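Remarks on the structure that follows.
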Amino acid sequence: MILNNDIERILVSEAEIEETVKRISAEIDRDYANSTKKLLLLCILKGSVVFMGDLMKHITIPVEIDFMKVSSYGASTKTSGSVNIILDLLRKDLPDTDILIIEDIIDSGRTLSYLVNYLTLKGAHSVRTCTLLDKPERREVEFTPDYCGFTIPDEFVVGYGLDYAEQYRALPYVGILKPNVYTK
Ligand code: IMP
Ligand code: MG
């Protein structure tokens with residue numbers, strides 16, 4: 001496998017991701033098998049798009065998909081925990097819907113705690129969360145995902161959907177950037 005020149009080291013390999021995607025999709029199949037509501041996989045753009053695509057291929061129960069786009073207000077200076085909704089979820093069937101939010105990474109916890117609250121208030125039958133990566137050391141608000149791929153240390157990572165300045169999203173693994181990339 002050819003390592004991108006800007007990557008210091010691989011934190012989660014393609015094979016590890018594949019195995020974990022299969023594990024989580026089997027958990028989702030099992031947990032929602034008896035639900036009478038429709039299951040909506042809600043992808044948070046853009047970072048979760050690769051994870052979502054892989055996950056949905058392995059889930060065997062019927063699902064619908066949708067998308068939201070949000071941006072955090074500069075985290076640590078804000079205490080409100082609010083996020084900016086750039087693309088909203090406009091559906092009238094939320095009372096008949098189990099929403100499973102698909103996220104790339106949990107950092108401060110602000111994005112997901114806001115979204116769970118927002119979608120619950122909008123009237124969804126249930127709202128759960130699924131993240132590929134979790135950096136619990138960075139938490140500013142308490143938040144525990146329902147499904148989690150990997151707990152990782154406090155490092156800035158890219159690949160498999162995650163970006164630095166909109167680059168590196170297409171890498172098939174999750175890697176740590178070389179420090180000189182930030183200081184170029
Ligand atoms: P938070 O949990 O609200 O702080 O925000 C999580 C979001 O921050 C993620 O959806 C990513 O967009 C971004 N993010 C946090 N840590 C990283 C990282 O290590 N690499 C790339 N994006 C990150
Ligand atoms: Mg994101």
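Order of appearance sets the numbers: ligands from 1, and atoms from 1 within every ligand. Position 1 is the first residue of the sequence, and the numbers go up from there. Small disclaimer: the values here were computed from a predicted structure and weren't measured.
If you check each of I44, D107, V158 against atom 2 (O) of ligand 1, the one with the closest non-hydrogen atom is D107. The option with the heavy atom closest to atom 17 (C) of ligand 1, from among Y164, F156, F143, Y114, is F156.
Of all the atoms in ligand 1, the ones that sit under 4.0 Å from a non-hydrogen atom of R110 are 2 (O), 3 (O). The distance from ligand 1 to the heavy atoms of D163 drops below 4.0 Å at these ligand atoms: 21 (C). The ligand atoms of ligand 1 that sit less than 4.0 angstrom from a heavy atom of L162 are 20 (N), 21 (C), 22 (N). In the vicinity of T111, heavy-atom distances shorter than 4.0 Å reach the ligand 1 atoms 1 (P), 3 (O), 5 (O). The distance from ligand 1 to the heavy atoms of K135 drops below 4.0 Å at these ligand atoms: 16 (N), 17 (C), 18 (C), 19 (O).
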Report task. Please lay out, stage by stage, how R91 and D66 fare under the test salt bridge (charged side-chain N to carboxylate O under 4.0 Å, His left out). Result -> CA-CA 10 Å; R91 298 172 65 114; D66 226 317; 2.9 Å; yes
Query - Intermediate values then yes/no, side-chain contact (heavy atoms from CB on, under 4.5 Å), L40 and L89 - result: CA-CA 11 Å; L40 179 68; L89 182 66; 4.2 Å; yes
**Report entry** Evaluation steps, side-chain hydrogen bond (donor to acceptor under 3.5 Å, both in side chains), between Y164 and D6
**Finding:** CA-CA 11 Å; Y164 171 68; D6 293 342; over 6 Å; no
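When non-hydrogen atoms are compared, ligand 1 lies under 4.0 Å from the backbone of I105 as well as from its side chain. Counting heavy atoms under 4.0 Å from ligand 1, residue E140 does not touch it at all. With a heavy-atom cut-off of 4.0 Å, E103 touches ligand 1 through its side chain alone.
Using a cutoff of 4.0 Å between basic side-chain nitrogens and carboxylate oxygens, D93 and K37 are not scored as salt-bridged.
For ligand 1, the polar-atom distance check finds an N/O of S108 within less than 3.5 Å of one of the ligand's N/O atoms. In terms of polar-atom proximity, V157 is counted as a contact of ligand 1, with an N or O under 3.5 Å from an N or O of the ligand. Checked by distance only, ligand 1 and G109 come closer than 3.5 Å through their nitrogen or oxygen atoms.
Crowding of E166 atom CD: a count of heavy atoms from other residues, nucleotides or ligands under 6.0 Å exceeding 12. Applying the 6.0 Å contact sphere to CG of D154 captures more than 12 heavy atoms from other residues, nucleotides or ligands.
Every residue meeting the side-chain contact (heavy atoms from CB on, under 4.5 Å) condition with L90, not counting sequence neighbours, appears here in chain and number order: D88. With sequence neighbours excluded, the residues forming a salt bridge (charged side-chain N to carboxylate O under 4.0 Å, His left out) with E27 are R23, listed by chain and number.
The side-chain heavy atoms of L41 and M52, taken from C-beta on, include a pair separated by under 4.5 Å. Counting only heavy atoms from C-beta outward, the side chains of Y160 and V12 never approach each other to under 4.5 Å.
Contact analysis leaves L112 out of contact with ligand 1, as no non-hydrogen atom separation drops below 4.0 angstrom. At least one heavy atom of E155 sits less than 4.0 Å from an atom of ligand 1.
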